[in-house]
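In what follows, a single structure is set out as structure tokens and then discussed.
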Amino acid sequence: MASGGPAGRTTTREHFIAEASVFFGEATRINFWSLTAIPVLHLEIVAVCAYDWTERGQHAGHAFELAGTATDVLVRREDGWVHQAHHVTLQHPPSAS
């Protein structure tokens with residue numbers, strides 16, 4: 001699995017799942033979460049949504065603030081839309097809001 005951006009890295013699926021398990025196993029609280037600018041590009045059986053997001057909260061007793069641009073890809077199946085892919089590009093540092 002590879003991730004680009006300012007702090008891009010490559011890792012294995014197993015390592016990614018282990019890191020996520022530790023992260024979400026610790027006390028996390030989201031105090032603020034916002035989405036803006038949500039254009040949707042609809043291409044018959046595929047839809048692409050791009051949006052800016054911001055969140056603030058505490059993780060393991062430490063305050064955090066994250067912001068960036070995200071893209072989601074959805075694919076139309078017989079039973080409805082299925083989320084196919086998600087990409088986030090972090091903004092460093094987040095803008096003051």
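The chain is numbered in sequence order, starting from 1.
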Check: Taking atom CH2 of Trp81 as the centre, does the number of heavy atoms from other residues, nucleotides or ligands within less than 6.0 Å exceed 12?
Finding: yes
Check: Out of curiosity, Asn31 CG to Gln58 CD, how far, rounded to the nearest 0.5 Å?
Finding: 4.5 Å
Check: What's the shortest heavy-atom distance between Tyr51 and Asp72, and which atoms?
Finding: OH-OD2, 2.5 Å
Check: Minimum heavy-atom separation for Pro39 to Ala50, with atom names?
Finding: CD-O, 2.9 Å
Notebook entry, point to check: Is any side-chain heavy atom of Trp53 closer than 4.5 Å to a side-chain heavy atom of Val88?
Noted result: yes
Notebook entry, point to check: Would you say the side chain of Glu65 lies within less than 4.5 Å of the side chain of Phe32, judging by non-hydrogen atoms?
Noted result: no
Notebook entry, point to check: Checking side-chain contact (heavy atoms from CB on, under 4.5 Å) for the pair Val40/Val48: CA distance, chi angles, key distance, verdict?
Noted result: CA-CA 6 Å; Val40 176; Val48 180; over 6 Å; no
Item checked: ILVMFWY network linking Leu74 to Val46, side-chain heavy atoms under 4.5 angstrom -> no
Next item on the list: Check side chain to side chain donor-acceptor pair (under 3.5 Å) between Asp52 and all other residues, then give those that pass, not counting sequence neighbours.
Entry: Thr69
Checklist line | Interatomic spacing from CZ in Phe64 to CD1 in Ile30 - rounded to 0.5 Å | finding: 3.5 Å
Notebook entry, point to check: Applying the 4.5 Å side-chain criterion to the ILVMFWY set and letting contacts propagate, would Leu41 and Leu35 be lumped into a single cluster?
Noted result: no
Note to self: Would you compute the distance between atom CZ of Arg77 and atom CD of Gln84 and round it to the nearest 0.5 angstrom?
What the structure shows: 5.5 Å
Notebook entry, point to check: Is the number of heavy atoms from other residues, nucleotides or ligands within 6.0 Å of CG (Leu43) greater than 12?
Noted result: yes
Checklist line | Pairwise side-chain contact, Arg56 with Arg29, heavy-atom cut-off 4.5 Å (strictly under) | finding: no
